[in-house]
Amino acid sequence: MSSVSSQTQFRYAQPPSKVLHLRNLPWECTEEELIELGKPFGKVINTKCNVGANRNQAFIEFADLNQAIAMISYYASSSEPAQVRGKTVYLQYSNRQEIVHNKTTGDVAGNVLLVTIEGVGARDVSIDVLHLVFSAFGFVHKIATFEKTAGFQVLVQFSDSETASAAKEALDGRSIPRYLLPEHVSTCTLRITFSGHTDLTVKFQSHRSRDYTNPNLPVASSAMDGSGQFIAGFDAKKQEPESNVLLASIENMQYPVTVDVLHMVFSTFGPVQKIAMFEKNGGFQALIQYPDVQTAVVAKEALEGHCIYDGGFCKLHLSYSRHTDLSVKVNNDRSRDYTIPDTSIGMLNTQPSILGQQPGPMMGPAAVPHYGGAHPFALAGNGIMGGVPAVPGYAGVSHQTMPPMSMQLPNNTYMPPPPGAMPPAMGPGMMQFPSQSGQQPPGTAMPSYRQ
DNA sequence: AGCACA
């Protein structure tokens, strides 16, 4: 307590400043609009928009104090209020003398993203789903999740800031597809900024942190911290010896699962080298070979328990095979070797009717980081919630490079989305995923973020 | 509709 009180001010009557504080601005007001507004009164040398919790406040800084005074005076006596896009804007002197751009975080592009997930039950979004979502843009090195006052937050580490920027650009403000979420979780909107971090420290593979660059990292067993929910889950499963070859058991196979379908599904995570299908005690199984263990691990994590088709059909159960190299002697409808150069031709010839797809080792994320990443959603967690089918080519992915998938099956529950359904430039508020499934009414899928 | 991530 000192003698500041001699300067008794009315709470909102600020002394003049060349910085003006504006409020009640329209959503996503631009710097240009602010400059337009101030221009008649002087030279606007700095602005800061989207300020405050509602992001509807801003500051403009004039070159000269008199210019700021001119603007305030004008609108103080004007019958027409200051307006932006027809919305009345309230002006006053700022309590600061200059605009400070706090660029410490959030605006400086880095390779690590800070993601805040808004939504009821957001903390129940699994790390695997997050991995899936962000893998669409490139290799995800590490993920760490934590809870702060801001809510459920996630740090996602990419190789470089370009990749991170691409992910941020595409996903900020969008929502995780409904069918990737547990039912009790509401629409989860992603708010993304750049983190100041460049390399995360992940000590354990756990339900809240992963290091995808280090498969040998110990799995946290009891090392989970106190917030313990349903911890054990997949952490236990990870103990089994990993392999580059996955054994897939297909449960409830009401619809044919072809080698091509499997190839499509598993190519999402990297190049598939070989596939062999066979029947075992009445059930269907397949071996899928990747070039490396790591890819297999990612694929297994992402696909385990998911269904290829809506309605719980063709549910995948994955384990690691003891094989490391499958011997595929002949390419037929049960086995395929994609490492043999002209396999693809033979494949198209043998199975042209179903797919007409480009077979492709080139479809792996590793090979085509920017677009390839889109695939992780192909099969995406529909299985988790018995949701939507695997339909590739969602988020702005060129349909030339992603031919319609093998969902043209006897099952007409879903078809590939119509060409116009997923424009490359997505509308506000949503990652564009097919919502043909009756389980995902468009209304819930496409919340409006505009006001 | 009220001051800038604490």
Side-chain angles (χ1 to χ4, degrees), chain A residues 4 7-35 37-38 41-42 44-63 65 67-69 71-110 112-119 122-123 144-156 164-165 168 171-173 189-198 200 450-451:
Chain A
V4 198
Q7 290 277 326
T8 306
Q9 304 170 348
F10 292 111
R11 197 187 323 182
Y12 296 134
Q14 302 294 339
S17 163
K18 57 190 185 9
V19 180
L20 301 184
H21 174 231
L22 321 200
R23 56 205 150 82
N24 200 37
L25 287 159
W27 177 251
E28 282 179 357
C29 174
T30 65
E31 181 170 23
E32 288 69 34
E33 288 170 310
L34 297 179
I35 294 172
L37 193 66
F41 305 95
V44 176
I45 60 167
N46 212 344
T47 65
K48 185 175 175 72
C49 25
N50 301 322
V51 167
N54 295 327
R55 299 172 64 85
N56 61 356
Q57 298 174 46
F59 298 92
I60 62 180
E61 179 176 345
F62 283 101
L65 176 62
Q67 298 167 351
I69 294 173
M71 186 166 180
I72 290 290
S73 316
Y74 174 83
Y75 284 114
S77 58
S78 166
S79 53
E80 287 289 308
Q83 290 184 325
V84 171
R85 284 182 237 163
K87 203 164 180 240
T88 296
V89 173
Y90 300 90
L91 301 171
Q92 63 190 155
Y93 297 115
S94 171
N95 55 21
R96 302 198 198 179
Q97 291 305 118
E98 56 186 14
I99 288 179
V100 177
H101 281 287
N102 206 357
K103 287 233 164 195
T104 52
T105 56
D107 272 340
V108 178
V112 178
L113 297 177
L114 172 62
V115 183
T116 303
I117 305 182
E118 300 171 351
R123 60 207 140 277
T145 68
F146 52 94
E147 229 153 328
K148 272 281 184 67
T149 48
F152 185 59
Q153 295 194 307
V154 186
L155 290 163
V156 182
S165 299
K168 176 177 181 291
L171 298 178
D172 188 19
T189 303
L190 306 174
R191 301 290 173 198
I192 305 179
T193 61
F194 292 105
S195 161
H197 293 91
T198 55
L200 307 175
R450 309 246 167 210
Q451 299 174 336

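Lettering of chains follows the sequences in order, A, B, ..., and the numbering in each one begins at 1.
At a threshold of 4.0 angstrom between heavy atoms, the contacts of A:Asn95 include nucleobase atoms, whether or not backbone atoms are also involved. Among the protein residues, A:Val51 comes within range of the sugar-phosphate backbone only, with heavy atoms under 4.0 Å from sugar or phosphate atoms but none that close to a base.
Nearest-nucleotide positions on DNA chain B place A:Asn24 closer to the 5' end than the other of A:Leu114 and A:Asn24. Across the interface with DNA chain B, nearest-nucleotide mapping of A:Val19 and A:Tyr90 shows A:Tyr90 to be the residue nearer the 5′ end.
Spacing between atom CZ of A:Phe59 and atom P of B:dC5 amounts to 9 Å, rounded to whole angstrom units. Distance, A:Gln153 CD to B:dA6 P: 14 Å, rounded to whole Å. Rounding to whole angstrom units, CD of residue A:Glu61 and C1' of B:dC3 are separated by 14 Å. Taking atom CG on A:Asn56 and atom C1' on B:dA1, their separation rounds to 8 Å, with Å as the unit. The nearest whole Å value for the distance from the NZ atom in A:Lys48 to the C1' atom in B:dC5 is 10 Å. When rounded to the nearest whole Å, the span between NE2 of A:His21 and P of B:dA4 equals 8 Å. Distance, A:Leu91 CG to B:dA1 C1': 12 Å, rounded to whole Å. With rounding to whole Å, A:Arg55 atom CZ is found 18 Å from B:dA1 atom C1'.
Distances were taken from every side-chain heavy atom of A:Gln14 (C-beta onward) to each of B:dC3, B:dA4, B:dA1; the shortest belongs to B:dC3. Relative to the side chain of A:Gln57, the nucleotides B:dA1, B:dC3, B:dA4 differ in distance, and B:dC3 lies closest.
Taking each heavy atom of A:Ser94 and A:Phe59 in turn, the nearest pair found is OG-CE2, 3.8 Å. Closest of all the heavy-atom pairs between A:Leu65 and A:Lys18 is CD1-N, 3.5 Å. Here the shortest heavy-atom pairing between A:Gln14 and A:Asn95 reads OE1-CB, 3.5 Å. Scanning both residues, A:Cys49 and A:Glu31, for their nearest heavy atoms gives SG-N, 3.7 Å.
Between A:Asn46 and A:His101, the side chains place a donor N or O and an acceptor N or O closer than 3.5 Å (distance only, hydrogens not considered).
For A:Arg96, a side-chain nitrogen or oxygen approaches OP1 or OP2 of B:dA4 to under 4.0 Å.
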